[in-house]
Amino acid sequence: MERTTLPQPSNVDRRKVLKGSLAVAAAPAFISVAHAQEKITWKVQSHWPKASGSFDDSLGVLAKELDERTGGRFKLELYGAGEIAKDREIYNIVRRGVVSMGTISPAYILGEAQAMGLYYGVPGTLRESWEMMHLTKNLGIEKMVNDQLRPKGVIMMGDKSYPTELVLKKKITSAADLGSLKVRSTGTMLEYLAAAGASPQQIAGPELYQGLATGVVDGAHWGAAIGALSMKLWEVAPYHMKPALGFANDAYIINIAALDKLPADLRLQFVSLVEERYFRRSVEYLHQEAISLNTGKEKMNVEVVRFPDDVLKRFADASNTILKKEIAKGDIAAKGGQAVTKLMSDLGYT
């Protein structure tokens, strides 16, 4: 009988799976059959309510594809906003290992890294999603954030880049209208709107519809058209404002200890999929934005309104103020700010 010679495993160095974003510990060349069949389930706390489009289309798809790619060996158990924690508390429960992973807006944890405000996105600087994607991954903003987060026990990886657009209950005709405008906002976007003369307030996602319906706020942003449709905001705020206030990142936050405990092959599958999904999801999101906005206009009497020129001038001045403030946070922030300003110059925005 002919003997079959099995190929010997190569000694591949997997220490750098994501260049610049995440260092993954070197994998052993040989993984035992028993170890390879180990099954893992992570609890994942989302900052999105289950009604939000991104709960299913970002987190739900990630969980489904991870399950498929690992043959059912790695599953994600998903929790909607507030089921275990919400907003900033998601950072704390992931850091402490209460859950292995969460989704979060960088706007909730601006003080945790100098470049976090740049990772969230400085309003009024960039004008398209691909620019934010390029800044995040290729120009090093995500790496700058993770260099400071890693000693705290967590890292962040982008879920998607997306536009941020206001919906309002009433039209504004000039910059003078901003003074009486109460708007739900968060992070640097809150500072941006305040600098332009509006009165921004923080309201949790699950409470946003009620806040608009009862007049606690006159407008809000939850992403752009997709968020307005999925959260039913257009029912009470039918004026959809253009252009976008800016472009932001949503992100996954991951406990490093939990990541390091994964079998090497599952770790590689997970990290590679999250990285891949950032680009796929960001592009898909723009397609869904167009569909959602058309649905609003055709079926819900949504009116698309352009900000008056004097309001746009205030926004431009506010953007410069916010960017200078972000750059002043330290050496890392200054380096990130240089990347932003050079990109804007290269694109002819300044």
J.: What I want to find out is whether Glu112 reaches Arg88 closely enough, with some N-O distance under 4.0 Å, to be called a salt bridge.
T.: yes

J.: Can Glu275 and Lys137 be counted as an ion pair, charged N to O under 4.0 angstrom?
T.: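 A salt bridge is present here (some side-chain N lies under 4.0 Å from a carboxylate O).
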
J.: What heavy-atom pair brings Ser345 and Thr350 nearest, and what distance separates the two atoms?
T.: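 The answer is CA-OG1, 3.4 Å.
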
J.: Looking only at side-chain N and O atoms, does Glu131 offer a donor or acceptor that is under 3.5 Å from a partner on Tyr349?
T.: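 Yes, side-chain donor-acceptor contact under 3.5 Å.
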
J.: Check whether Thr321 reaches the backbone of Asp317 with its side chain - one donor and one acceptor, N or O, closer than 3.5 Å.
T.: yes

J.: Evaluate Tyr252 against Met101 for side-chain contact (heavy atoms from CB on, under 4.5 Å), listing each step before the verdict.
T.: CA-CA 7 Å; Tyr252 297 108; Met101 176 178 165; 3.3 Å; yes

J.: Please walk me through it: do Glu89 and Tyr108 pass side-chain hydrogen bond (donor to acceptor under 3.5 Å, both in side chains)?
T.: CA-CA 9 Å; Glu89 279 304 307; Tyr108 297 158; over 6 Å; no

J.: Could you tell me the separation between the CG atom of Leu266 and the NZ atom of Lys261, rounded to the nearest 0.5 Å?
T.: 15.0 Å

J.: If you measure from the Lys or Arg side-chain nitrogens to the Asp or Glu carboxylate oxygens, is any gap between Lys325 and Glu191 under 4.0 Å?
T.: yes

J.: Quick check for you: to the nearest 0.5 Å, what is the distance between Lys143 atom NZ and Thr136 atom OG1?
T.: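 Result: 14.5 Å between the selected atoms.
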
J.: Between Tyr239 and Lys171, which heavy-atom pair has the shortest distance, and what is it?
T.: CE2-CE, 3.5 Å

J.: Can you say whether the rings of Trp222 and His47 are parallel (under 30°), tilted (30 to 60°) or perpendicular (over 60°)?
T.: tilted

J.: Of all heavy-atom pairs between Leu139 and Met144, which one has the smallest distance, and what is that distance?
T.: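 Nearest heavy atoms, Leu139 then Met144: O-CE, 4.2 Å.
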
J.: Where does the angle between the aromatic ring planes of Phe270 and Phe74 fall among parallel (under 30°), tilted (30 to 60°) and perpendicular (over 60°)?
T.: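 The rings of Phe270 and Phe74 sit tilted, inter-plane angle from 30° to 60°.
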
J.: Could you go step by step and tell me if Asp331 and Lys335 meet the salt bridge (charged side-chain N to carboxylate O under 4.0 Å, His left out) rule?
T.: CA-CA 6 Å; Asp331 293 342; Lys335 182 179 178 182; over 6 Å; no

J.: Taking Leu62 as the starting point, is it possible to reach Met133 by hopping between hydrophobic residues whose side chains are less than 4.5 Å apart?
T.: no

J.: Find out if a path of hydrophobic residues (ILVMFWY) with successive side-chain heavy-atom gaps under 4.5 Å connects Val302 to Ile291.
T.: no

J.: Check this for me, if you would: do Lys313 and Asp309 make a salt bridge, where the nitrogen-to-carboxylate-oxygen distance has to be below 4.0 angstrom?
T.: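 Result for this pair is no, no salt bridge flagged.
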
J.: Considering only heavy atoms from C-beta outward, does the side chain of Val311 approach that of Leu178 to under 4.5 Å?
T.: yes

J.: If you compare all heavy atoms of Leu323 against all heavy atoms of Val340, which two are closest, and at what distance to 0.1 Å?
T.: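 Heavy-atom minimum between the residues: CD1-CG1, 4.3 Å.
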
J.: Under 3.5 Å, is there a donor on one side chain and an acceptor on the other for Thr70 and Lys75?
T.: no

J.: Compare all side-chain heavy atoms of Trp48 with those of Leu59 and state whether any distance is below 4.5 angstrom.
T.: yes

J.: Around Gln210, counting heavy atoms of other residues, nucleotides and ligands shown, do more than 12 lie under 6.0 Å from its CD?
T.: no

J.: Just by distance, with hydrogens left out, do Tyr119 and Asn249 show a side-chain donor and acceptor under 3.5 Å apart?
T.: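 Judged by distance alone, the side chains do not pair up.
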
J.: Does a side-chain heavy-atom distance below 4.5 Å link Pro163 with Tyr285?
T.: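 Side-chain contact under 4.5 Å: yes.
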
J.: Ile40 versus Arg73: any side-chain heavy-atom pair under 4.5 Å?
T.: no

J.: Can we say Lys242 and Glu165 salt-bridge, meaning some charged N sits less than 4.0 Å from an Asp/Glu carboxylate O?
T.: yes

J.: I'd like to know if the side chain of Ser185 reaches the main chain of Leu190, judged simply by a donor and an acceptor atom lying under 3.5 Å from each other, with no hydrogens or angles considered.
T.: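 Yes: the side chain of Ser185 pairs with the backbone of Leu190.
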
J.: What do you reckon, are the aromatic ring centroids of Phe315 and Tyr192 less than 6.0 Å apart?
T.: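 Yes, ring centres under 6.0 Å apart.
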
J.: Any side-chain donor-acceptor pair under 3.5 Å between Asp177 and Thr173?
T.: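 Side chains of Asp177 and Thr173: pair found under 3.5 Å.
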
J.: Any ion pair linking Asp310 and Arg314 (charged N to carboxylate O, less than 4.0 Å)?
T.: no

J.: Say you draw a straight line from CG of Leu208 to CG of Leu212; how long is it, rounded to the nearest 0.5 Å?
T.: 5.0 Å

J.: In the single-linkage hydrophobic clustering (I, L, V, M, F, W, Y; side-chain heavy atoms under 4.5 Å), do Met157 and Phe279 co-cluster?
T.: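 Result: no, two separate clusters.
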
J.: Output, in order, the C-alpha distance, side-chain angles, deciding distance and verdict of side-chain contact (heavy atoms from CB on, under 4.5 Å) for Arg184 and Gln201.
T.: CA-CA 5 Å; Arg184 179 268 174 195; Gln201 302 179 28; 5.9 Å; no

J.: State, with a plain yes or no, whether a side-chain heavy atom of Met156 is found less than 4.5 Å away from one of Met116.
T.: yes

J.: Is there a donor-acceptor contact under 3.5 Å from the side chain of Gln114 to the main chain of Ala333?
T.: yes

J.: Could you walk me through whether Val271 and Leu259 pass the side-chain contact (heavy atoms from CB on, under 4.5 Å) test, one step at a time?
T.: CA-CA 9 Å; Val271 170; Leu259 187 65; 4.3 Å; yes

J.: Tell me every residue that passes side-chain contact (heavy atoms from CB on, under 4.5 Å) with Arg69, counting only those two or more places apart in sequence or in another chain.
T.: Glu65, Gln269, Leu273, Glu276, Arg280

J.: What are the two closest heavy atoms between Gly337 and Ile327, and how far apart are they?
T.: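 Between these two residues, the closest heavy atoms are CA-CG1, 3.6 Å.
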
J.: Is there a side-chain contact between Val94 and Val98 (heavy atoms, below 4.5 Å)?
T.: no

J.: Side-chain contact, heavy-atom cut-off 4.5 Å: Tyr91 with Ile253?
T.: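 Tyr91 vs Ile253: side chains touch.
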
J.: Calculate, to the nearest 0.5 Å, the distance between atoms CD1 and CG belonging to Ile226 and Asp57 respectively.
T.: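 So the CD1 of Ile226 and the CG of Asp57 are separated by 7.5 Å.
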
J.: Compute the centroid of each ring, for Phe247 and then for Trp130, and state whether the two points are separated by less than 6.0 Å.
T.: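 No, the ring centres sit 6.0 Å or more apart.
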
J.: Is Asp218 paired with Lys169 through a side-chain N to carboxylate O contact shorter than 4.0 Å?
T.: no

J.: Which heavy atom of Gly102 sits nearest to which heavy atom of Ile90, and what is that distance?
T.: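 Taking every non-hydrogen atom into account, CA-CG2, 4.1 Å.
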
J.: Verify whether one side chain among Tyr162 and Glu289 offers a donor that lies under 3.5 Å from an acceptor in the other.
T.: no

J.: Honestly curious: do Leu126 and Leu312 fall in one hydrophobic cluster under the side-chain, below-4.5 Å linking rule?
T.: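 Shared cluster, yes.
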
J.: Heavy atoms, side chains only, cut-off 4.5 Å: are Asp250 and Ser105 in contact?
T.: yes

J.: In Å and rounded to the nearest 0.5 Å, what is the NZ to CG distance from Lys182 to Leu193?
T.: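 The CG atom of Leu193 is 15.0 Å from NZ of Lys182, to the nearest 0.5 Å.
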
J.: We want to know whether Ser100 and Asn255 form a side-chain donor-acceptor pair, criterion being a heavy-atom distance below 3.5 angstrom.
T.: no

J.: Donor-acceptor check, side chain of Glu38 to backbone of Pro263, threshold 3.5 angstrom: yes or no?
T.: no

J.: Would you call Lys329-Glu326 a salt bridge at under 4.0 Å N-O?
T.: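 Yes, this pair counts.
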
J.: Please tell me whether Ile322 and Leu343 are part of a single hydrophobic cluster in this structure, the criterion being side-chain heavy atoms less than 4.5 Å apart.
T.: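 As far as the 4.5 Å side-chain criterion goes, Leu343 and Ile322 are connected within one cluster.
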
J.: In Å and rounded to the nearest 0.5 Å, what is the CD1 to CD1 distance from Ile254 to Ile155?
T.: 4.0 Å

J.: Please walk me through it: do Gln148 and Ile332 pass side-chain contact (heavy atoms from CB on, under 4.5 Å)?
T.: CA-CA 9 Å; Gln148 291 197 290; Ile332 295 173; 3.6 Å; yes

J.: Under a plain distance cut-off of 3.5 Å, with no hydrogens placed, do Ser282 and Ser129 share a side-chain donor-acceptor pair?
T.: no

